[in-house]
Number of protein chains: 2
Amino acid sequence: MQVNSVETLLANSLAKSDLSQKQQNVLKACLKLFSEQGYDRTTTADIAKLAGVSEGTVYKHFKNKREILDALLEPLKASVLPAVADEFVAETAKQHFDSLEAALRFLVSDRMRFVLDNRLIIRVFLQEVLVNTDLFDSALAMAKQRFVPAVLPMLANFSQPQHPLTLESFRPIFGLMLTYLLPVILKPELQLDVDQATDQILLEVTPLLFAK
Amino acid sequence: MQVNSVETLLANSLAKSDLSQKQQNVLKACLKLFSEQGYDRTTTADIAKLAGVSEGTVYKHFKNKREILDALLEPLKASVLPAVADEFVAETAKQHFDSLEAALRFLVSDRMRFVLDNRLIIRVFLQEVLVNTDLFDSALAMAKQRFVPAVLPMLANFSQPQHPLTLESFRPIFGLMLTYLLPVILKPELQLDVDQATDQILLEVTPLLFAK
DNA sequence: CCTTGGTGAGTGGTGACTCACTCAACGCCG
DNA sequence: CGGCGTTGAGTGAGTCACCACTCACCAAGG
């Protein structure tokens, strides 16, 4: 499975889109500026300057500033997450992991890499969520809708009578991932070794899955 | 140990402070508005209106809008967190928990309640962190500086040769707490039963601390 | 009558957005 | 081919609303 970076995926979708080079620069500039200073503290002058474009150009394609934000977030919501989830289902279906640990290792490292690659967009998204709670609901709903079916077959595969595997079993794993990912989201210039973190997570979580 | 709510602590500190009733209303209004709409999208007119005060009054005590934000965040940074940490150290020293589980139960539920009670301020703080990464460093540094000494005696007490207890042992616990707390921070109107969550966390984490 | 907390109309600056214009690219036709 | 209208991306000075902040004034209490 390819690493799915919104940054590169954005570039892809831009290449496919009918946006000119300058318009693409606008979006790239916005990603950088929004993620660093926040949407509200970024002026259209900032954007134009960083994109190497006049302010008028910004408004040739985007009706207003808000529409740029939507254009940045939309791929995340409408295309990237679903695409990734589908890919993931396909991958899990194909691979037929021969152990629970192997499956988990794939899932954990894959999802962490995804977040890592997309931390800038995720930052922008988080900023918005903190100001517009509706977004939270829709995001959660979609994450569930997409993720649960991806994980259910795995549950069925590896669940055993003495250790029933449920969605709740993923909570500790998810929590551990959060402890590694949150710092990187809050401070994007931090480094994170995904493989090492994955090892650590699996190490800490295996006693939990087989004990009790 | 008293529940430490920034909201009530804020009220306390306000009562102690030399702020008039109207000025206190300004701060309360700002907490509500900032946490809901964000700092940047809250106008001074909004603030005055909700506080039932004229715009001039807002500026009688606060030099500018930014200073109100600082006034809201300052107790969190300068007084609440340390006070709570100190209280916590005192409490742990006093109680001499007779089991690791009892100590953890106290720690987990106490900290979760703290976050829950202060979710509005924490929201405002998070918003700021996402726009000003310096804050992240200082917050992390302080949290460590205050929290590590509070927890070290516990480690010494309950660490056993066959199950050495380190700071890293807390990562899964912290992660699990995050899974319960994040939703409430992102959407403050959500409910959270701290006792139930605490039970759940301890249930999921005990095999981890004693196995391997 | 001074001090102190409060008022709200007013102001200056800023920032989102507009519009009249330029210019290069592209047919299209004599 | 070469002139020539059309198109549409790009420009940037200009506009206008809004918003943080001010200030001249007020009322009440010591």
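Lettering follows sequence order; numbering is per chain, from 1. Just so it is clear, the values below take in all heavy atoms, side chains as well, and ignore hydrogens, waters and symmetry mates. Computed from a prediction, not measured in an experiment: that's the story for all the values here.
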Does [N] have OP1 or OP2 sitting under 4.0 Å from an N or O in the side chain of [X]?
{"X": "B:Thr57", "N": "C:dT7", "value": "yes"}
{"X": "B:Tyr59", "N": "D:dT22", "value": "no"}
{"X": "B:Thr44", "N": "D:dA20", "value": "yes"}
{"X": "A:Ser54", "N": "D:dG12", "value": "no"}
{"X": "B:Ser20", "N": "C:dT4", "value": "no"}

Check the pair B:Asp199, B:Arg105 against salt bridge (charged side-chain N to carboxylate O under 4.0 Å, His left out), reporting the backbone distance first and the verdict last. CA-CA 8 Å; B:Asp199 287 344; B:Arg105 171 162 269 117; 2.8 Å; yes
Nucleotide of [options] approaching [X] most closely (side-chain heavy atoms):
{"X": "A:Gln23", "options": "D:dC21, C:dG15, D:dG10", "value": "D:dG10"}
{"X": "A:Lys22", "options": "C:dA16, D:dG10, D:dA20", "value": "D:dG10"}
{"X": "A:Lys65", "options": "C:dA16, D:dC21, D:dC19", "value": "C:dA16"}

Between the base of C:dG6 and the side chain of B:Lys60, is one N or O donor paired with an acceptor at under 3.5 angstrom?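 Counting by modelled atom types and ignoring angles, a donor-acceptor contact under 3.5 Å is found here.
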Between [atom2] on [N] and [atom1] on [X], what's the gap in Å once rounded to a whole number?
{"X": "B:Ile47", "N": "D:dC19", "atom1": "CD1", "atom2": "P", "answer": "12 Å"}
{"X": "A:Asp46", "N": "C:dA16", "atom1": "CG", "atom2": "C1'", "answer": "12 Å"}
{"X": "B:Glu55", "N": "D:dA24", "atom1": "CD", "atom2": "P", "answer": "18 Å"}
{"X": "B:Asp40", "N": "D:dA20", "atom1": "CG", "atom2": "C1'", "answer": "12 Å"}
{"X": "A:Leu19", "N": "D:dA9", "atom1": "CG", "atom2": "P", "answer": "11 Å"}
{"X": "B:Asn64", "N": "D:dC19", "atom1": "CG", "atom2": "C1'", "answer": "14 Å"}
{"X": "A:Asn25", "N": "D:dA9", "atom1": "CG", "atom2": "C1'", "answer": "14 Å"}

Could you check whether atom NZ of B:Lys32 has more than 12 heavy atoms from other residues, nucleotides or ligands sitting under 6.0 Å from it?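 No, because the 6.0 Å sphere around NZ of B:Lys32 holds 12 heavy atoms or fewer from other groups.
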With no hydrogens and no angle check, is any side-chain donor or acceptor of A:Lys65 less than 3.5 Å from a backbone partner on A:Thr42?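 At least one qualifying donor-acceptor pair exists.
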Report which part of the nucleic acid A:Val53 touches: base, sugar-phosphate, or nothing (heavy-atom distance under 4.0 Å, all strands).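 Sugar-phosphate, backbone atoms only, no base.
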Tell me, do B:Asp137 and B:Leu140 make a side-chain contact under 4.5 Å, heavy atoms counted?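 B:Asp137 vs B:Leu140: side chains apart.
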Does a side chain donor of either B:Arg123 or B:Ser35 reach within less than 3.5 Å of an acceptor in the other side chain?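 Note: B:Arg123 and B:Ser35 side chains miss the donor-acceptor criterion.
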